[in-house]
Amino acid sequence: RQKQALISFAYNAGIGALKQMINGNEKDPRLNQSNYRGVKTEFSKWNKVVKYQDVKDPKTGKIEKVKIVTIEPGLTKRRTAESKLFNSSQ
């Protein structure tokens, strides 16, 4: 079931996100270092959508791209389901 959860995650979030979840780093070890708890909590971090919007600066008149990050309820639901699937085999 862990494999199914990770496949679902990779299909939706992308292979780069999966690699980050699996590899982690020295301060935050993940699946490759047998840190299953780290992977379990990582699912919930991937529930955001990033959009860029053009905004005109009122002082300079220049148009700048502004990053807007929002939490997507559908992704929150999906990540919760993937986490439960991953945890069901433990």
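Numbering starts at 1 and runs along the sequence shown.
- Side-chain contact check for Asn87 and Arg1: no donor-acceptor pair (N or O, by modelled atom type) lies under 3.5 Å.
- More than 12 heavy-atom neighbours from other residues, nucleotides or ligands sit within 6.0 angstrom of NZ on Lys48.
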Stepwise, does the side-chain contact (heavy atoms from CB on, under 4.5 Å) test hold for Glu72 with Asn47? CA-CA 6 Å; Glu72 178 63 41; Asn47 66 342; 5.9 Å; no

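- Of the options Val55, Asp57, Asp54, a side chain to side chain contact (heavy atoms under 4.5 Å, CB included) to Glu64 is made by Asp57 and by none of the others.
- Ile15 and Met21 fall within a single hydrophobic cluster, where Ile, Leu, Val, Met, Phe, Trp and Tyr are joined by side-chain heavy atoms under 4.5 Å apart, directly or via other members.
- Looking at heavy atoms from C-beta onward, Lys51 lies out of side-chain contact with Thr70 at the 4.5 angstrom threshold.
- Applying the side-chain contact (heavy atoms from CB on, under 4.5 Å) criterion to Ala10, with sequence neighbours excluded, gives Leu18.
- With Arg79 contributing its side chain and Trp46 its backbone, the two residues share a donor-acceptor pair below 3.5 Å.
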Can you check side-chain contact (heavy atoms from CB on, under 4.5 Å) on Val50 and Ile68, steps first, answer last? CA-CA 6 Å; Val50 178; Ile68 300 170; over 6 Å; no

side-chain contact (heavy atoms from CB on, under 4.5 Å) between Phe43 and Leu6: does it pass, once the steps are laid out? CA-CA 10 Å; Phe43 282 105; Leu6 293 174; 4.1 Å; yes

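- We find the NZ-NZ distance between Lys56 and Lys62 to be 13.0 Å, quoted to the nearest 0.5 Å.
- Although no hydrogens or angles enter the test, the distance criterion places no donor-acceptor pair under 3.5 Å between the side chain of Ser8 and the main chain of Gln4.
- The closest donor-acceptor contact from the side chain of Ser83 to the backbone of Thr80 lies at 3.5 Å or more, if one exists at all.
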